[in-house]
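As the structure is a computational prediction, the values presented were derived from the model and not from experiment. Here is the naming used below: chain letters follow the sequence lines, and residue numbers restart at 1 for every chain. Every heavy atom of this structure was used, including side-chain atoms; hydrogens, water molecules and symmetry mates were not.
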Protein chains: 2
Amino acid sequence: MSYPPGYRIERERNRTEKAGDIARAKAIQAAIELFSTSGYNKSSIAEVALRTGLSQSGLLHHFPNKTALLTAVLEQREKEDSEFLFGEGAAPLGWAAFDSLLALVARNSTRPEWIGLFVRISAEATEANHPANQWMLDHYRSTRQWLTQAIEDGKRTGEILPDVPVDAIVRNTIAVLDGLQQQWVAEPDSMSMVAELRVYLDQLRSAWGNPQQ
Amino acid sequence: MSYPPGYRIERERNRTEKAGDIARAKAIQAAIELFSTSGYNKSSIAEVALRTGLSQSGLLHHFPNKTALLTAVLEQREKEDSEFLFGEGAAPLGWAAFDSLLALVARNSTRPEWIGLFVRISAEATEANHPANQWMLDHYRSTRQWLTQAIEDGKRTGEILPDVPVDAIVRNTIAVLDGLQQQWVAEPDSMSMVAELRVYLDQLRSAWGNPQQ
DNA sequence: CTAAACCGACCGTGCACTCGGTCGGTATGC
DNA sequence: GCATACCGACCGAGTGCACGGTCGGTTTAG
């Protein structure tokens with residue numbers, strides 16, 4: 001097998017191996033763009049290869065099969081998103097967590113492929129035997145965990161009222177995020193996700209924020 | 001062409017023609033179940049035929065092609081939903097509109113196929129040339145119109161504060177609805193859409209409801 | 001020489017859709 | 001009342017295509 005990165009670390013990577021990395025990165029980018037408009041199932045590896053500038057076999061040299069390509073795409077997304085959200089330091093907590101969600105949405109508004117990718121893949125992946133099913137479940141679970149922790153911490157510091165219905169708010173917030181993205185993918189020019197989300201967050205704050213602080 | 005109903009109305013429909021109606025209804029039901037778990041693209045008409053108890057050709061006798069089947073499914077959904085929401089009378093307005101959304105969600109919680117159907121189809125249909133694309137746009141547009149009207153009416157009667165950001169609330173509400181459905185399709189047993197939605201609606205009311213009333 | 005990068009030819013499968021038909025029931029002309 | 005014409009329901013076999021994946025190779029760089 002050839003493609004997993006991080007192998008043979010003891011030797012200097014030479015030029016050809018770099019060429020491989022470039023091809024892989026291009027392929028992932030092409031796949032993101034394709035998946036984001038056509039979804040995973042409907043996209044063909046032949047088309048990805050075409051956009052990468054490889055033959056289909058050439059592409060399959062780097063990714064043994066279609067699901068490996070999908071995995072690479074999802075890892076890429078996960079990596080970039082969590083770098084943006086958490087960077088080097090710890091995850092933001094309290095209301096700051098919700099603010100960083102807003103920042104994430106603002107940034108993704110300039111990268112339509114990422115929204116499309118997420119909307120389509122996570123809808124497809126609700127099917128139990130979809131290759132991204134586990135990823136999707138994990139993604140939701142970890143997001144819920146983070147937001148739950150954020151709210152609990154806000155209660156601890158006193159910026160969030162103690163009688164807040166944590167679970168419902170976590171799920172509703174994620175729902176607003178997903179739902180707005182879906183509407184935006186359908187008609188990008190008709191709305192601003194940031195503006196709508198801000199209204200939702202203001203509502204949250206005024207309902208459950210501590211007025212003393 | 002054979003299938004459009006309402007032709008030659010002067011003649012009594014005979015036994016075989018009624019059999020056709022039954023077959024069509026069965027096919028639509030089978031299609032709903034399949035589409036709701038596999039989406040439209042990934043479902044095959046052969047499988048629908050199998051579940052209907054017809055050969056593939058037999059099914060295609062009733063629906064000239066796959067998109068005709070999809071259209072029939074969507075019409076069915078649209079019909080049942082709007083009957084439930086609006087019945088014979090006028091659409092509910094003011095906060096009552098939001099209450100009936102809650103009622104709809106409660107009812108759909110007992111019909112998982114309908115949620116799955118909607119989640120999958122509307123995600124697929126964000127692609128511009130998907131056969132359900134127009135349907136999806138229309139669906140969103142008419143829902144937005146109704147909710148906008150509902151809020152405007154609430155302002156008029158005074159039960160909703162006048163400075164409410166109508167558009168954002170309409171879009172956010174739809175987003176919560178869609179997003180909760182998506183989470184529910186992924187893990188039906190882990191949550192109650194009704195409970196979460198109620199929290200959201202309470203929040204809405206406490207933020208924009210007229211405290212005098 | 002070795003190993004990675006890359007390709008063309010090929011294969012099996014699943015799929016939407018076509019075609020040519022059978023069968024049973026119903027209207028109609030004589 | 002019976003033959004004829006017609007229609008809708010339904011099927012089996014087939015067709016063409018798109019697609020994921022395999023295999024055996026050649027080129028290229030160190």
| Ring geometry between B:F86 and B:W146 (parallel below 30°, tilted from 30 to 60°, perpendicular above 60°) | perpendicular
| Atom pair distance, as rounded to whole Å: CG in B:N65 and C1' in C:dC15 | 14 Å
| Which listed nucleotide (D:dC11, D:dA9, C:dC6) is nearest to the side chain of B:R24? | D:dA9
| Which atoms form the tightest heavy-atom contact between B:F118 and B:D178, and what is the distance? | CE2-OD1, 3.4 Å
| field | Among D:dG12, D:dT22, D:dG20, the one nearest B:S57 by side-chain distance | value | D:dG12
| remark: From NE2 of B:H62 across to C1' of D:dC11 the rounded distance in Å is 12 Å
| field | B:A46: side-chain contact (heavy atoms from CB on, under 4.5 Å) partners, not counting sequence neighbours | value | B:S44, B:Q56
| query | Rounded to whole angstrom units, what separation is found between the NZ atom of B:K66 and the P atom of C:dC15? | reply | 9 Å
| remark: A:L60 atom CG is separated from D:dG24 atom P, nearest whole Å, by 16 Å
| Using 4.0 Å as the upper bound for N to carboxylate O, is an ion pair formed by B:R144 and A:E187? | yes
| query | Roughly how many Å is it from CG in B:L69 to P in C:dC17, rounded to a whole number? | reply | 11 Å
| message | Give the residues of residues 38-56 of chain B touching DNA chain C, defined as any heavy atom closer than 4.0 Å, sorted by residue number. | response | B:S43, B:S44, B:I45, B:Q56
| At under 4.0 Å, does any side-chain N or O of A:H61 touch on OP1 or OP2 of C:dC7? | no
| What pair of heavy atoms forms the shortest contact from A:S43 to A:K66, and how long is it? | O-NZ, 2.8 Å
| task | Indicate yes or no: does A:D167 engage A:R171 in a salt bridge with an N to O separation below 4.0 Å. | result | no
